[in-house]
> 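Can you read through this structure? Questions will come right after.
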Amino acid sequence: MEVEKISGLKFHKKQDVAIVGAGMTTFKRRLNETGRELSYMAVKQALEEAGMTLDDIEMVVMGSAPDTFDGLHMKGEYLLDGSGGSDRPYMRVFVGGGTGVFAPIAGYWHVASGLADICLVVCEEKMSSSYPHPQSAFKYIWDPILDRPLNPNLIWIFALEMRRYMHVHDIKHEDIALVSVKNKANALDHPCAQVAGKITVEDVLNSEPMALPVRRLDVSPPSDGAAALIMVAPHIARQVTDNPVWVTGVGWALDTTWWTNRDLYFPRYVAEAAKMAYRMAHITDPRKEIDVAEPYDPFDYKELHHMEGLGLAKKGEAPILTREGVTARDGDLPTCPSGGLLGVGNPIAATMGVKACELYWQLAYRAGKRQVAKEVTTGVCQAWGDLMQVGTVMVMSNKR
Amino acid sequence: MAVGKKDIECPPYAEGTPLSDEDIKSGKVTYVEDHPDIRYSWTAGQAISRFLNGLKEGKILGVKCNKCGRIMVPPRMFCELCFKPIDDWVELKDTGTVQTFSISYIDPDARPLPEPIIVAVIAIDGASPNMGIMHILDEVKPEDVYIGMKVKAVWKSEEEREGAITDIKYWKPLEG
Ligand SMILES: [Zn+2]
């Protein structure tokens with residue numbers, strides 16, 4: 001049953017929004033620093049790149065995922081000081097794994113509305129506090145009455161979605177594994193990477209089974225880390241840089257919680273969010289108009305699934321583009337040039353560092369060894385989370 | 001406001017101090033440990049209470065919305081698409097079709113299981129297309145499961161049933 005979910009959306013904005021600085025910590029399985037300290041480190045870098053001090057920041061948006069990892073409620077408040085949020089309007093946003101792009105979307109509306117001219121966005125995650133393994137915290141995502149008595153592991157939903165996707169389009173695991181190979185290799189050029197490496201398709205196919213078809217090397221690792229970026233009004237952007245990167249479209253959408261009632265082969269939650277963002281950015285043919293993409297890749301099949309949701313590939317076509325090298329860093333549609341979650345790491349909300357921050361760096365031509373080969377004007381980043389429900393999408397351009 | 005640093009490679013540096021498991025075990029790290037014991041009791045609500053009571057009687061119950069015409073399972077007290085109360089309760093069959101499946105080697109804490117188990121989304125016969133529930137498959141080898149396979153519920157005995165999703169022990173192939 002296809003229902004038009006996003007109809008009659010009106011975009012009235014007070015001013016355009018530019019990104020002028022970003023930062024991130026290293027991503028590792030376990031870091032000594034607390035969440036506050038990690039947030040502080042990421043913010044410090046972003047301020048440095050923007051040429052600002054905390055006094056310049058008017059409002060702060062913080063993104064962080066489930067409190068269960070930290071064993072501490074009111075995490076937004078706990079992280080306040082490290083995020084530079086005290087004594088100014090501050091809020092925490094959270095849509096599971098979708099937070100890494102949703103937090104900058106919230107930063108966008110702070111500035112686009114005219115409420116703030118300078119907004120700092122900070123994302124933090126410290127998954128290692130849940131000991132010995134954060135999987136034990138993940139199990140509380142399941143419905144306590146219908147699901148949890150079956151002793152599920154979170155990986156199940158991804159395995160079920162991956163199998164359905166493979167079945168509908170007749171996709172082989174070999175073709176999906178290529179994403180893991182590509183992203184882990186891309187991550188070799190990322191100074192913050194946790195699990196970069198040269199691996200082969202065979203390594204993926206022979207890695208330890210978790211919940212088949214999902215094997216160990218199909219999955220990104222749990223991580224600690226933080227990321228930050230600074231969003232400003234046009235007159236501020238002009239003061240601090242000659243080369244701002246503009247946010248030209250944002251979109252977000254959630255599909256029903258009754259996930260066993262949906263056909264999982266296609267991520268409608270991403271398609272709806274993308275439709276909104278593209279409409280705002282006046283993009284009608286994403287495959288032609290998007291030069292570089294950072295879709296959410298916590299699992300290798302997810303990059304492909306999300307490319308199709310984002311309209312960067314036809315349904316079932318993303319594995320073919322990958323096999324043909326189109327999505328390589330020197331390809332026609334470089335995808336996850338950062339190394340993504342599969343290579344750099346997956347500190348849930350803080351993956352903003354390899355999604356929104358990376359896209360900004362790519363479009364500002366500051367990605368260093370990770371810079372894609374082709375000339376870039378427009379890019380898209382996306383995140384996903386909750387019970388396979390939420391899609392968050394942001395389009396950026398270095399031309400206004 | 002100063003002009004930012006624009007001639008740098010980003011991120012300019014990768015701050016943070018990585019630790020290994022060994023660092024924690026050997027006490028090289030200053031840390032505090034706690035094991036909170038928080039208990040919950042979840043009420044099942046109007047719709048799922050009736051669903052669970054149905055399972056106790058060996059029946060799978062769904063609900064119908066006359067506006068969109070959907071027969072839904074798991075049941076709910078309101079149709080989330082039409083945003084109105086449901087109109088009817090319907091007894092569904094205890095057979096269905098495998099929509100997708102996985103062979104799980106890990107438990108909820110990511111520890112290895114002694115034997116892998118098969119989990120599936122099963123579309124229930126008598127409900128609208130794609131109306132599935134998550135459950136376990138058994139009496140079938142992992143390599144023999146396929147999408148589209150017809151399956152049937154294997155129930156606990158009447159005395160054992162308690163009004164829980166586990167009143168269905170598992171689902172097995174309808175034929176063979
Ligand atoms: Zn209805």
Side-chain angles (χ1 to χ4, degrees), chain A residues 1 3 20-26 28 30-33 38 41 45 48-52 56 71 133 135-136 139 144-147 149-153 155-156 159-161 163-164 167 191-192 209-214 224-225 239-241 243 256 258 260-264 361 366-368, chain B residues 1-6 8-21 23-24 29 33-34 36 40 42 44 48 51-52 68 70 72-74 76 80-81 99-110 116-117 119-122 130-136 142 147 164-166:
Chain A
M1 197 159 314
V3 184
V20 294
M24 65 189 280
T25 65
T26 191
K28 293 293 173 289
R30 190 182 303 284
L31 291 171
N32 187 34
E33 286 74 13
L38 293 172
M41 289 170 172
Q45 266 183 39
E48 190 178 304
E49 192 187 347
M52 291 181 181
D56 297 316
H133 202 283
Q135 283 282 353
S136 306
K139 70 185 169 199
I145 298 166
L146 295 181
D147 297 337
L150 301 172
N151 292 319
N153 182 289
I155 305 281
W156 285 12
L160 293 167
E161 193 180 57
R163 173 92 65 187
R164 186 75 195 165
H167 170 79
C192 300
M210 296 182 78
L212 293 178
V214 174
D224 290 356
Q239 286 177 50
V240 298
T241 181
N243 305 300
T256 170
W258 298 110
T260 58
N261 294 171
R262 297 192 240 133
D263 193 328
L264 301 173
W361 286 324
R366 275 199 291 282
Chain B
M1 212 171 300
V3 173
K5 279 194 183 175
K6 300 305 179 194
I8 49 170
E9 216 174 271
C10 285
Y13 29 79
E15 272 190 285
T17 314
L19 301 174
S20 67
D21 264 3
D23 292 334
I24 294 223
V29 185
E33 201 171 314
D34 185 16
Y40 294 88
W42 290 288
I48 296 298
F51 177 64
L52 296 179
C68 62
R70 294 189 307 159
M72 296 166 259
V73 67
R76 52 216 76 170
E80 75 278 7
L81 294 185
Q99 298 287 89
T100 181
F101 66 97
S102 168
I103 298 140
S104 182
Y105 287 73
I106 49 176
D107 78 356
D109 296 299
I117 57 168
V119 54
V121 175
I122 300 155
N130 281 331
M131 283 290 164
I133 63 166
M134 182 172 77
H135 218 285
I136 306 298
I147 289 175
I165 191 71
T166 46

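Both backbone and side-chain heavy atoms feed into the values below; hydrogens, waters and symmetry mates do not. A, B, ... follow the sequence lines: proteins, then strands. Residue 1 opens every chain.
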> Which atoms of P36(B) are under 4.5 Å from chain A, going by heavy atoms: the side chain, the backbone, both sets, or neither?
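It is neither, since no heavy atom gets under 4.5 Å.
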
> For V121(B), does its backbone N or O pair with a side-chain atom of T260(A) as donor and acceptor, under 3.5 Å?
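Here the side-chain-to-backbone pair does not exist.
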
> Which region of T25(A), side chain (C-beta onward) or backbone (N, CA, C, O), has a non-hydrogen atom less than 4.5 Å from a non-hydrogen atom of chain B, or is it both or neither?
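Both parts, heavy atoms under 4.5 Å.
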
> Restricting to non-hydrogen atoms, name the atom on I136(B) and the atom on W156(A) that form the minimum distance, rounded to 0.1 Å.
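Closest approach of I136(B) to W156(A): CD1-CH2, 4.0 Å.
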
> Which bit of A44(B) is near chain A, if near means a heavy-atom gap under 4.5 Å: side chain, backbone, both or neither?
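For A44(B), backbone and side chain are both near chain A.
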
> For V29(B), is it the side chain, the backbone, both, or neither that has a heavy atom closer than 4.5 Å to a heavy atom of chain A?
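Looking at V29(B), just its side chain touches chain A.
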
> Under a 4.5 Å heavy-atom cutoff, which of T241(A), V240(A), D263(A) has the most pairs with chain B?
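Counting heavy-atom pairs under 4.5 Å, the top option is V240(A).
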
> Can you tell which part of D107(B) gets under 4.5 Å to a heavy atom of chain A, answering side chain, backbone, both or neither?
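The answer is the backbone of D107(B).
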
> List the atom of N32(A), the atom of L19(B), and the distance in Å for their closest heavy-atom pair.
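The pair with the smallest heavy-atom distance is CA-CD1, 3.6 Å.
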
> So which part of Y13(B) gets closer than 4.5 Å to some heavy atom of chain A, the side chain, the backbone, both or neither?
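Both the backbone and the side chain of Y13(B) come within 4.5 Å of chain A.
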
> Which one of I133(B), N130(B), L52(B) has the most heavy-atom pairs closer than 4.5 Å to chain A?
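Ranked by contacts with chain A, first place is N130(B).
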
> Taking A120(B), G4(B), P11(B) one by one, which has the highest count of heavy-atom pairs under 4.5 Å against chain A?
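Counting heavy-atom pairs under 4.5 Å, the top option is P11(B).
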
> Please identify, among N261(A), T26(A), D224(A), the residue contributing the most non-hydrogen atom pairs under 4.5 Å to chain B.
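Top count of heavy-atom pairs under 4.5 Å with chain B: N261(A).
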
> What residue in A110(B), P142(B), S20(B), P18(B) has the most heavy-atom pairs under 4.5 Å with chain A?
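Heavy-atom pair counts peak at P18(B).
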
> If only atom types and distance count, is the side chain of S102(B) paired as donor or acceptor with the main-chain N or O of L212(A) below 3.5 Å?
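Pair found, side chain donor or acceptor close to backbone of L212(A).
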
> Find the one option among G71(A), G23(A), P144(A) whose heavy-atom pairs under 4.5 Å with chain B are most numerous.
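Among G71(A), G23(A), P144(A), the one with the most close pairs to chain B is P144(A).
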
> Measure N151(A) against the heavy atoms of chain B and call it side chain, backbone, both or neither at under 4.5 Å.
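For N151(A), backbone and side chain are both near chain B.
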
> Show your reasoning for whether side-chain contact (heavy atoms from CB on, under 4.5 Å) applies to L150(A) and V119(B).
CA-CA 9 Å; L150(A) 301 172; V119(B) 54; over 6 Å; no

> For the residue pair T100(B) and R164(A), what are the closest heavy atoms and their distance?
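Reported closest heavy-atom pair: OG1-N, 3.4 Å.
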
> To the nearest 0.5 Å, how far apart are NZ in K6(B) and CD in E49(A)?
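Interatomic distance, K6(B) NZ to E49(A) CD, rounded to 0.5 Å: 5.0 Å.
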
> In chain order, what residues pass the salt bridge (charged side-chain N to carboxylate O under 4.0 Å, His left out) check against E48(A), with sequence neighbours excluded?
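With neighbours one apart ignored, the set is K5(B).
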
> Chain B: which of P209(A), P149(A), G21(A), C192(A) shares the most heavy-atom pairs with it under 4.5 Å?
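Ranked by heavy-atom pairs under 4.5 Å with chain B, first place is P209(A).
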
> Looking at every non-hydrogen atom in both residues, tell me the closest pair between E9(B) and A367(A) and how far apart they are.
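Nearest pair, atom of E9(B) first, then A367(A): CG-C, 4.4 Å.
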
> Show your reasoning for whether side-chain contact (heavy atoms from CB on, under 4.5 Å) applies to I103(B) and R163(A).
CA-CA 11 Å; I103(B) 298 140; R163(A) 173 92 65 187; 4.0 Å; yes

> Which heavy-atom pair separates I48(B) from I145(A) by the least distance, and what is that distance?
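Taking I48(B) first and I145(A) second, the nearest heavy atoms are CG2-CG2, 3.8 Å.
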
> Ignoring hydrogens, what is the shortest heavy-atom contact between P152(A) and M134(B)? Give both atom names and the distance.
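Looks like CB-CE, 4.3 Å.
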
> Suppose we screen for salt bridge (charged side-chain N to carboxylate O under 4.0 Å, His left out). Which residues come up paired with D109(B), at least two apart in sequence or across chains?
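Expected list: K139(A), R111(B).
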
> Go through the steps for W258(A) and R76(B) under the test side-chain contact (heavy atoms from CB on, under 4.5 Å), then give the verdict.
CA-CA 10 Å; W258(A) 298 110; R76(B) 52 216 76 170; 3.1 Å; yes

> Hey, which of H167(A), Q239(A), M52(A) has the most heavy atom pairs under 4.5 Å with chain B?
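When all of H167(A), Q239(A), M52(A) are compared, H167(A) has the most.
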
> For the backbone of D21(B) and the side chain of R30(A), can you confirm whether one donor and one acceptor N or O come within less than 3.5 Å of each other?
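Checked: no pair found.
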
> Given that the side chain runs from C-beta out, which part of E80(B) has a heavy atom under 4.5 Å from chain A: side chain, backbone, both or neither?
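The side chain, not the backbone.
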
> Any donor-acceptor pair under 3.5 Å linking the side-chain atoms of T17(B) with those of E33(A)?
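Present: a donor and an acceptor within the cut-off.
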
> Measure distances from I24(B) to the heavy atoms of chain A and classify the residue's part below 4.5 Å as side chain, backbone, both or neither.
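Only the side chain of I24(B) comes within 4.5 Å of chain A.
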
